[in-house]
Amino acid sequence: MAYKTKRSKKLASLHDSSKVYDLSEAVEFLQQCPPVKFDQSIDLSIHLGVDPRKADQLVRGTTTLPHGTGQKNTVLVITKGDAIKAAEEAGADFAGHEEYLKKIQDGWLDFDTLVVTPDMMREIGKMGKVLGPRGLMPTPKAGTVTTDVAKAVKEIKAGKVEYKVDKNAVINNVVGKLSFNSKQLIENIRQLLESIIKAKPSSSKGTYVKSFTLSSTMGPGCKINLRELPI
């Protein structure tokens, strides 16, 4: 039998897995759970009534959370000429051309987001097998293939996030930190929900949102009342 810590026992006594929470109630509950030694992330998990195997039902998009995610996002920009300086001035952590292409080929992946100009995509495409599985491949839809790299960097640093339905028709995204106040977390959650609802494919029939859960890194999942959805 697995050993249960005092914290896990306390969580088990506090959490009712059959309960359906209002959004504000769930946020309050997670913030009142026994603490850990780091600032936990708050994660949204939403199960959609779509078939990700069909191209016209692959729900994907971007939105900017009003209070950011609370996570450091290391941005690499690969481009040429004056755009390198523009990216650096906008706040890019790394910016350049051939030196970073070589570093990636040699196995360096110490960045969270890759932004490139369209003329770089031929070279970047050759590294798809390395970047793709790690979710680092830039795309025009995500705003990471653009001629305006400065704008892209500023948006990412301001809290722009990308969401994408997985093979199980689920979207999982970080929406903030446990240290955020409840108002900030709720505003971030609602912003992401609104964007996902607006991204509903026209070919999707029946119930679009099947379930919605909120959790913290070391906390339980709280089932959210679907009446909370901004529709």
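Bear in mind the structure is a predicted one, so any value in this text is a computation, not a measurement.
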To the nearest 0.5 Å, tell me how far Q57 CD sits from S203 OG.
4.0 Å
Show me the side-chain donor-acceptor pairs of residues 153-160 shorter than 3.5 Å, one per line, residues at least two apart or across chains.
residue, atom, partner, partner atom, Å
E155, OE1, K160, NZ, 3.3
K157, NZ, N73, O, 2.7
K157, NZ, D93, OD2, 2.7
K160, NZ, A142, O, 3.4

If you count every heavy atom of other residues, nucleotides or ligands that lies below 6.0 Å from E99 atom CD, does the total exceed 12?
yes
Is there a continuous path of hydrophobic side-chain contacts, each under 4.5 Å between heavy atoms, that joins I186 to I196?
yes
With a 4.5 Å limit on heavy-atom distance, are the side chains of V209 and I197 in contact?
yes
Starting from M137, can I reach I78 by hopping between I/L/V/M/F/W/Y residues whose side chains sit under 4.5 Å apart?
yes
Please report the shortest heavy-atom distance between F29 and C222, naming the atom on each side.
CD2-SG, 3.6 Å
Quick one: closest heavy-atom pair of V20 and I224, and the distance?
CG1-C, 3.8 Å
Applying side-chain contact (heavy atoms from CB on, under 4.5 Å), run through L23 and F212 and close with a yes or a no.
CA-CA 10 Å; L23 185 55; F212 168 23; 4.3 Å; yes
Check whether D166 reaches the backbone of N168 with its side chain - one donor and one acceptor, N or O, closer than 3.5 Å.
yes
Is the shortest heavy-atom distance from the side chain of V59 to the side chain of K164 under 4.5 Å?
no
Look at atom CG of D82 and say whether more than 12 heavy atoms of other residues, nucleotides or ligands are closer to it than 6.0 Å.
no
Hey, are the side chains of L192 and Y163 touching, using non-hydrogen atoms and a 4.5 Å cut-off?
yes
Could you go through residues 43-50 and list every donor-acceptor pair under 3.5 Å that involves a side-chain atom there, pairing it with any protein atom two or more places apart or in another chain?
residue, atom, partner, partner atom, Å
S45, OG, N172, OD1, 2.9

Show me the pairs that pass ring pair (Phe, Tyr, Trp, His ring centres under 6.0 Å) and involve residues 107-142, at least two apart or across chains.
F94-W108, Y100-W108, W108-F111
With rounding to the nearest 0.5 Å, note down the distance linking CD1 in I171 to CG in L193.
9.5 Å
So do I42 and L178 actually touch side chain to side chain, heavy atoms under 4.5 Å?
yes
Nearest atoms (heavy-atom pairs only) where P201 meets Y208
CD-CE1, 3.8 Å
Sort and list the pairs that fulfil salt bridge (charged side-chain N to carboxylate O under 4.0 Å, His left out) and have at least one residue in residues 50-61, not counting sequence neighbours.
D51-R53, R60-E162
Any salt bridge (charged side-chain N to carboxylate O under 4.0 Å, His left out) involving residues 24-41? Give me the pairs, sequence neighbours left out, ordered by first then second residue.
K19-E25
Any heavy-atom pair between the side chains of L58 and V165 that's under 4.5 Å?
yes
Any idea which heavy atoms bring V116 and P138 closest together, and the distance?
CG2-CG, 3.9 Å
Please check if the side chain of T144 supplies one atom and the backbone of T139 the other of a donor-acceptor pair under 3.5 Å.
yes
Tell me, do S41 and K177 make a side-chain contact under 4.5 Å, heavy atoms counted?
yes
Side-chain heavy atoms nearer than 4.5 Å, only ILVMFWY residues, links allowed to pass through others: does that put V75 and L114 together?
no
Is any side-chain heavy atom of T146 less than 4.5 Å from a side-chain heavy atom of V115?
yes
Carboxylate-amine/guanidinium proximity below 4.0 Å for K183 and E187:
yes
For T217 and F38: C-alpha separation, side-chain torsions, deciding distance, then whether side-chain contact (heavy atoms from CB on, under 4.5 Å) applies.
CA-CA 10 Å; T217 307; F38 64 94; 4.1 Å; yes
For the CD atom of Q40 and the SG atom of C33, what is their distance to the nearest 0.5 Å?
8.0 Å
Under a plain distance cut-off of 3.5 Å, with no hydrogens placed, do T117 and D119 share a side-chain donor-acceptor pair?
yes
List, one per line, each side-chain donor-acceptor pair under 3.5 Å for residues 121-133, sequence neighbours excluded.
residue, atom, partner, partner atom, Å
E123, OE1, H97, NE2, 3.4

Does a donor on one side chain and an acceptor on the other come within less than 3.5 Å for T74 and K72?
yes
Backbone of S179 reached by a side-chain donor or acceptor of Q184 within 3.5 Å:
no
Which heavy atom of G96 sits nearest a heavy atom of I84, and at what distance?
CA-CD1, 3.8 Å
Compare all side-chain heavy atoms of Q191 with those of P66 and state whether any distance is below 4.5 angstrom.
yes
Minimum-distance pair of heavy atoms, taken over all atoms of L30 and P220:
CD2-O, 3.6 Å
